[in-house]
There are 2 protein chains.
Amino acid sequence: MTRALTRKGEATRARIVAGAAAEIRERGVDEVRLEDVMAHTGTSKGQLFHYFPDGKEGLLLAVAQHEADEVLIDQEPMLSNLTSWPAWLAWRDRLIERYLAQGVKCPLNGLLGQTGRRAPGAQAIVTGLMWRWQKAITEGIRHMQSTGDIAPDLDADRAAAALLAGIQGGVLLLLSTGKIDHLEAVLDLTIDSLRAGARTGGS
Amino acid sequence: MTRALTRKGEATRARIVAGAAAEIRERGVDEVRLEDVMAHTGTSKGQLFHYFPDGKEGLLLAVAQHEADEVLIDQEPMLSNLTSWPAWLAWRDRLIERYLAQGVKCPLNGLLGQTGRRAPGAQAIVTGLMWRWQKAITEGIRHMQSTGDIAPDLDADRAAAALLAGIQGGVLLLLSTGKIDHLEAVLDLTIDSLRAGARTGGS
DNA sequence: CGATTTTTGGACTTGCAGGTCCATTTTTGC
DNA sequence: GCAAAAATGGACCTGCAAGTCCAAAAATCG
């Protein structure tokens, strides 16, 4: 079906997605014209529509998927190894560091707003990202419960949901206010709160 | 300066803002054309540019301010009276109820993405909203500390920041996933966590 | 090496939404 | 009631960015 891409074609397609993603991160979705992408990636209009027959919509979707994947990759290997309190703090630090560096440039924020309503696919991409993210956190909590570092009667899924929401809100507030304070507060207070639950099985 | 609006003019202006807000809530910012607003509010293009000389930009800004104010008004009188645990729960219930009813229609989400980059005013509106919101929560926490229901050594501002971030993230996740679970989890767990801090001065 | 398919470039079309203009009607204030 | 100012209606202009089309170049494969 999707077969019919030579090596060169695949490279070009990837270059377009990466270039468009960079452009969007830098200047925002609604400021980026197809021509900007062409200029920035050294491609022609014919190529754009050759690789993305659905036009801008399709390209944006591909970029969104690309950026969603990046989000989780950037948190590795910490996110998949929340097996001790120092590991949790390392993850916390990575998040702060990453978003501090990113600043106000959030790729997905705009992409959702832009494609969210019309494209059913965009919703799915974000939902998928959140689901994977939350799953990783849940597993971290479960592991800490297995070692007795977190109370076993705590609802891991619910706690992970709350933490994930906090992170999202923290990033959102970073986007609006430019300050990292909220994200920091959420991470520190929530992790502390998880820690406090250890009392039952104490170390 | 801004003087020169008859009663009729003021009414028309208000009708435009309210109508545009409704339209945007219903169909999203980037789906709403000036013509839609005209049709929906029974106004002409001349009027739109008469009341909003800066065109769409200015209108969007006015709508954003309008919606930002609504957000806090909708939480009253609970938000300004976080003076007992039942009051906190009443506020919690109001939030859940309100966002459950709102569903995926978030007025500010898109407005920020749309005007955020270019208009310096849009940023200010959201920042202002968040600041007022957080201040109200902080005051609630301080009050509970004064009655001994929350430990006095807790950093009220930091806790409020975390709670606010949690709420924002909960709403964001409601927008992406359609489920209220995250918002519920954040509110319940965070409030519980505040409660747990009462131990010091216990009742 | 020749047929076939993919890749590429870029000129051209198109639709539409934001914005301009001005003529007409209504309101205001004396 | 009458000048001045504000409110209204809607025809018109304009620019731009997405999308179309096709012909030339390069790659693939037997």
Side-chain angles (χ1 to χ4, degrees), chain A residues 1-20 23-24 26-64 110-111 113-115 117-119 122, chain B residues 1-20 23-24 26-64 110-111 113-115 117-119 122:
Chain A
M1 301 295 108
T2 322
R3 277 275 16 94
L5 273 192
T6 69
R7 201 163 311 155
K8 193 181 179 189
E10 209 133 13
T12 303
R13 205 196 116 106
R15 198 172 76 238
I16 293 174
V17 172
E23 201 85 351
I24 287 173
E26 202 55 41
R27 314 185 353 204
V29 203
D30 34 50
E31 298 298 317
V32 173
R33 321 286 155 212
L34 252 31
E35 276 196 28
D36 300 325
V37 177
M38 284 160 55
H40 194 270
T41 60
T43 49
S44 68
K45 203 155 253 184
Q47 285 164 291
L48 249 55
F49 282 85
H50 179 64
Y51 294 106
F52 303 94
D54 293 340
K56 199 178 189 182
E57 183 104 8
L59 173 57
L60 252 39
L61 230 53
V63 170
L111 282 171
Q114 195 79 177
T115 50
R117 296 274 174 173
R118 36 193 200 227
Chain B
M1 301 295 110
T2 324
R3 279 271 21 89
L5 272 194
T6 70
R7 201 164 308 152
K8 193 180 178 188
E10 209 131 14
T12 304
R13 205 195 116 104
R15 198 173 76 238
I16 293 174
V17 171
E23 202 85 351
I24 288 173
E26 201 56 42
R27 309 179 3 199
V29 203
D30 34 49
E31 296 299 317
V32 173
R33 319 287 156 212
L34 252 33
E35 278 198 27
D36 299 326
V37 177
M38 286 161 55
H40 193 270
T41 60
T43 49
S44 69
K45 202 156 252 185
Q47 284 164 290
L48 248 56
F49 282 85
H50 180 62
Y51 294 106
F52 302 95
D54 293 341
K56 198 178 189 182
E57 182 105 6
L59 173 58
L60 253 39
L61 230 52
V63 170
L111 282 171
Q114 194 78 174
T115 51
R117 297 274 175 172
R118 36 190 197 228

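Numbers restart at 1 for each chain; the letters A, B, ... are given by sequence-line order, proteins then strands. Fair warning: this is a prediction, and the values are worked out from it, not measured in the lab. Values below: all heavy atoms of this structure, side chains included; hydrogens, waters and symmetry mates excluded.
Helix bend of the helix from dC1(C)-dG30(D) to dC30(C)-dG1(D): the angle between its two end axes, each built from five pairs, comes to 30° after rounding to 10°.
Closest to the side chain of Arg33(B), from the set dA7(D), dA17(C), dA17(D), is dA17(C).
Of the residues in residues 39-49 of chain B, those placing a heavy atom less than 4.0 Å from an atom of DNA chain C are Lys45(B), Phe49(B), in numerical order.
Closest heavy-atom contact between Val37(B) and Thr43(B): O-OG1, 4.2 Å.
The CD atom of Glu10(A) sits 21 Å away from the P atom of dA26(D) (whole-angstrom rounding). In this structure, the CZ atom of Phe52(B) is 15 Å from the C1' atom of dT8(D), given to the nearest Å. Note: CG (Asp36(A)) to C1' (dA18(D)) measures 13 Å, nearest angstrom. In this structure, CZ of Arg13(A) is placed 13 Å from P of dT8(C), rounded to the nearest angstrom. Counting to the nearest Å, the C1' atom of dT8(C) and the CD1 atom of Ile16(A) are 11 Å from each other. With rounding to whole Å, Leu5(A) atom CG is found 13 Å from dA27(D) atom C1'. Note: CZ (Arg15(B)) to P (dT8(D)) measures 7 Å, nearest angstrom. What separates CZ of Arg7(A) from C1' of dT7(C) is a distance of 15 Å, to the nearest Å.
Residues His50(B) and Thr12(B) have side chains not in contact (no heavy-atom distance under 4.5 Å, counting atoms from C-beta outward). Taking the side chain as every heavy atom from C-beta outward, Leu5(B) and Tyr51(B) approach each other to under 4.5 Å. The shortest side-chain heavy-atom distance between Ile16(A) and Phe52(A) falls under the 4.5 Å cut-off. In this structure, the side chains of Leu59(B) and Lys56(B) stay at 4.5 Å or more apart for every pair of heavy atoms. Residues Leu34(A) and Leu48(A) are in side-chain contact: their nearest non-hydrogen atoms beyond the backbone lie under 4.5 Å apart.
Rounding to the nearest 0.5 Å places CE of Met38(B) at 12.0 Å from CD of Glu23(B). Atom CG of residue Asp54(A) and atom CG of residue Leu60(A) lie 12.0 Å apart, to the nearest 0.5 angstrom.
Between Lys8(B) and dA7(D), a side-chain N or O to OP1/OP2 separation shorter than 4.0 Å is absent. One finds no side-chain N or O of Thr6(A) lying less than 4.0 angstrom from the OP1 or OP2 phosphate oxygen of dA26(D).
Between Asp54(B) and Tyr51(A), the residue anchored nearer the 5' end of DNA chain C, judged by the nucleotide with its closest heavy atom, is Tyr51(A).
Using a distance-only test at 3.5 Å, with no hydrogens or angles considered, a donor-acceptor pair links the side chain of Gln47(B) to the main chain of Ser44(B).
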